[in-house]
Amino acid sequence: MVARGEIARFWSLESLHMVSSDGGTESSALVDDNGSEEDYSYEDICQANPRYLQPGGEQLAINELISDGSVVCAEALWDHVTMDDQELGFKAGDVIQVLEASNKDWWWGRSEDKEAWFPASFVRLRVNQEELSENSSSTQGEEQEEGAGKNRHRHLESKHQMRTNVIQEIMNTERVYIKHLKDICEGYIRQCRKHTGMFTVAQLATIFGNIEDIYKFQRKFLKDLEKQYNKEEPHLSEIGSCFLQHQEGFAIYSEYCNNHPGACAELSRLMKQGRYRHFFEACRLLQQMIDIAIDGFLLTPVQKICKYPLQLAELLKYTTQEHSDYNNIKAAYEAMKNVACLINERKRRLESIDKIARWQVSIVGWEGLDILERSSELIHSGELTQVSRHGKSQQRTFFLFDHQLVSCKKDLLRRDVLYYRGRTDMDEVRLVDLEDGRDKDWNLSVKNAFKLVSKTTDEVHLFCAKKQEDKARWLQACGDERRRVREDREMGMEISENQKKLAMLNAQKAGHGKSKGYSACPVALPHQSLHPLHQRHVTVPTSVPQQQVFALAEPKRKPSLFWHTFNKLTPFKK
């Protein structure tokens, strides 16, 4: 951490304070759309939920619980895949028993039969620990189990209290989240805009994305949430309608999540210079922000949109079917899963269009519009024999994307070189399966064949596969293409023109090399090796674990394996 003396030498502290026209210091309270100030001050939020705002407070509270003999469990937010024996691997949704939380970045825990380190940022503490405590003690002897059961029975909370706990967690974390967003907008963005010599408009757009729009949206969402919150009897709160009312608004997170890898890269570049490190630390201190680096703050919207389905799932668990909010909570849970799924799909598509752009650049003699003008995903590829009405056949390699089928020819000498030969608009044709034998329309004998027939003209394309199973795969792929186009339309799946142009520009600059891809894996910060508190501990891992940000969303589609097949054709190799 940068000392205050160093910051004072870097710039004058007074230069960061906003001075009003009368010479007074401007209040840090932000005025909302109706002209009123924020309802919650920094002190109010600290008092409401101190463990989220006091550095080290959460670790201290956890260790106190563990020392008292309580079983503390956390739920995995993301997959943690590791090849290090000192680290604990798990999948999103797994429950991990926390055994030690002395280090803020790495905790020691148990999952199934293994104990090891795991990144604290990959999990969230369960709200109702009592229920988990009951399940976690099943391996003890009968006498211990009987004694523990009586003890648990005395402390087991009612269903109402369980729901109260979840409701209060949702409300408290929402208020804290608003505080973090406000700190980013007022503590960082406002100050960055004052220093035009350090930051360009483009740089700020890259680093912060549309987080100001998210802040504005979340303030409206919290106001509606507060109206539905029953302070006297929290378990009676009916908050499901708030999520349903604002479900379309949550789509703004897609832009932020897609932009986040670029923000991390830009920040990493700037942080190599001392003056930027000092600048951001000064912003944090003057805004009285918690002890988290700027990249940690910028990760919070990504974490938040992934956390909503978890919170609603837990709330649904403790909401009886007789509860007046049951149907809305159930619908809200599905809605927020769909939001996360859409964001996940858009992220995957951004990665896909980079590959598609590189593929097009590798094709010799490409004609017409760029493939990205209409398509964003490869669905199937393979070799087919295309037959004309006169019986002339041509061996071609076909690539089926959403909306179009592209035909290429292999070079006779260099089989890894492909030449462009044309494309078919899949929106304008219908698929016709042909039986083996003589085709009545063309009077030709065919085997493993199918047709693509134009809906508006007399144009017909006839294709033959080598094997029956190849034909079956193509028929399935054509059906998948229509389904995906329909789903994209229903989900509102769109890739912006700027993102398409950037993908093509990167591909053209790189030739057949690597382009500036989108990384979907924010990383936990590296940490220092610490002396183990217990003999069983070795050292805190020094590796940087990778996480899948959107693993909480339940993907509707399985990942495609066709890009792996393309390596045989080597269009992406140098």
Side-chain angles (χ1 to χ4, degrees), residues 7 10-21 26 28 30-33 178 180-219 249 251-287 289 292-302 304-305 343 346-347 350 353-354 494-509 515-519 522:
I7 296 170
F10 175 66
W11 59 7
S12 170
L13 292 179
E14 286 76 16
S15 68
L16 276 178
H17 288 285
M18 282 66 72
V19 180
S20 61
S21 58
E26 183 180 335
S28 62
L30 191 69
V31 178
D32 66 14
D33 301 328
I178 287 291
H180 288 339
L181 293 176
K182 179 180 179 181
D183 284 342
I184 293 170
C185 294
E186 295 188 0
Y188 287 124
I189 299 178
R190 184 180 294 182
Q191 304 304 336
C192 289
R193 284 175 177 158
K194 291 181 178 181
H195 293 73
T196 55
M198 295 179 66
F199 302 96
T200 65
V201 174
Q203 276 181 314
L204 295 183
T206 299
I207 294 171
F208 297 103
N210 64 332
I211 201 166
E212 289 176 302
D213 295 333
I214 290 176
Y215 179 35
K216 184 178 180 181
F217 165 76
Q218 289 293 154
R219 286 162 57 198
I252 62 174
Y253 277 83
S254 180
E255 179 182 342
Y256 185 85
C257 293
N258 290 335
N259 178 75
H260 184 70
C264 293
E266 181 65 19
L267 267 179
S268 177
R269 188 182 67 83
L270 294 179
M271 285 300 193
K272 293 178 181 178
Q273 304 178 47
R275 65 173 184 151
Y276 285 100
R277 293 196 300 270
H278 296 169
F279 177 90
F280 288 124
E281 177 65 3
C283 290
R284 187 188 69 79
L285 291 173
L286 289 166
Q287 186 68 15
M289 300 163 70
I292 297 178
I294 182 173
D295 54 350
F297 278 104
L298 294 180
L299 182 61
T300 53
V302 179
K304 187 65 177 176
I305 199 64
I343 293 174
R346 283 176 174 163
K347 171 67 68 175
L350 281 178
I353 66 173
D354 276 343
E494 292 182 359
I495 304 295
S496 71
E497 291 301 319
N498 287 337
Q499 289 166 332
K500 293 176 183 177
K501 290 178 181 178
L502 179 61
M504 289 304 306
L505 182 62
N506 285 338
Q508 290 164 0
K509 285 182 178 179
S515 68
K516 300 176 182 178
Y518 294 82
S519 169

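Nothing fancy with the numbering, it's 1 onward along the sequence.
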Using a 4.5 Å cut-off on heavy atoms from C-beta on, say whether the side chain of [Y] contacts that of [X].
X: K194; Y: Q191; value: yes
X: L299; Y: D295; value: no
X: Y256; Y: L298; value: yes
X: F280; Y: C192; value: yes
X: L270; Y: M198; value: no
X: M504; Y: Q508; value: yes

What I want to find out is whether E212 reaches R193 closely enough, with some N-O distance under 4.0 Å, to be called a salt bridge. yes
If you apply the rule side-chain contact (heavy atoms from CB on, under 4.5 Å), what do you find for Y188 with M289, and how did you get there? CA-CA 10 Å; Y188 287 124; M289 300 163 70; 3.2 Å; yes
Mind checking the [atom1]-[atom2] spacing from [X] to [Y]? Nearest 0.5 Å is all I need.
X: L267; Y: K272; atom1: CG; atom2: NZ; value: 12.5 Å
X: I189; Y: I207; atom1: CD1; atom2: CD1; value: 9.5 Å
X: C264; Y: R269; atom1: SG; atom2: CZ; value: 14.0 Å
X: H195; Y: L204; atom1: NE2; atom2: CG; value: 12.0 Å
X: Q203; Y: E266; atom1: CD; atom2: CD; value: 5.0 Å
X: I211; Y: H260; atom1: CD1; atom2: NE2; value: 10.0 Å

Between F208 and I214, does a side-chain contact (heavy atoms from CB on, under 4.5 Å) hold up when you go through it step by step? CA-CA 11 Å; F208 297 103; I214 290 176; over 6 Å; no
Strictly distance-based, threshold 3.5 Å: is any side-chain N or O of N210 a donor or acceptor partner for the main-chain N or O of E255? no
For the backbone of A251 and the side chain of S254, can you confirm whether one donor and one acceptor N or O come within less than 3.5 Å of each other?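 No: the side chain of S254 does not pair with the backbone of A251.
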Might you point out which heavy atoms bring T206 and A263 nearest each other, and give the distance in Å?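 What the structure gives for the nearest pair is O-CB, 3.2 Å.
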Smallest heavy-atom separation, C283 atom then G187 atom, equals CB-O, 3.2 Å
Taking the cut-offs as 6.0 angstrom to the six-membered ring centre and 45 degrees off its axis, would you call R219 and Y215 a cation-pi pair? yes
Compute the centroid of each ring, for F279 and then for F199, and state whether the two points are separated by less than 6.0 Å.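 Yes; F199 has its ring centre under 6.0 Å from that of F279.
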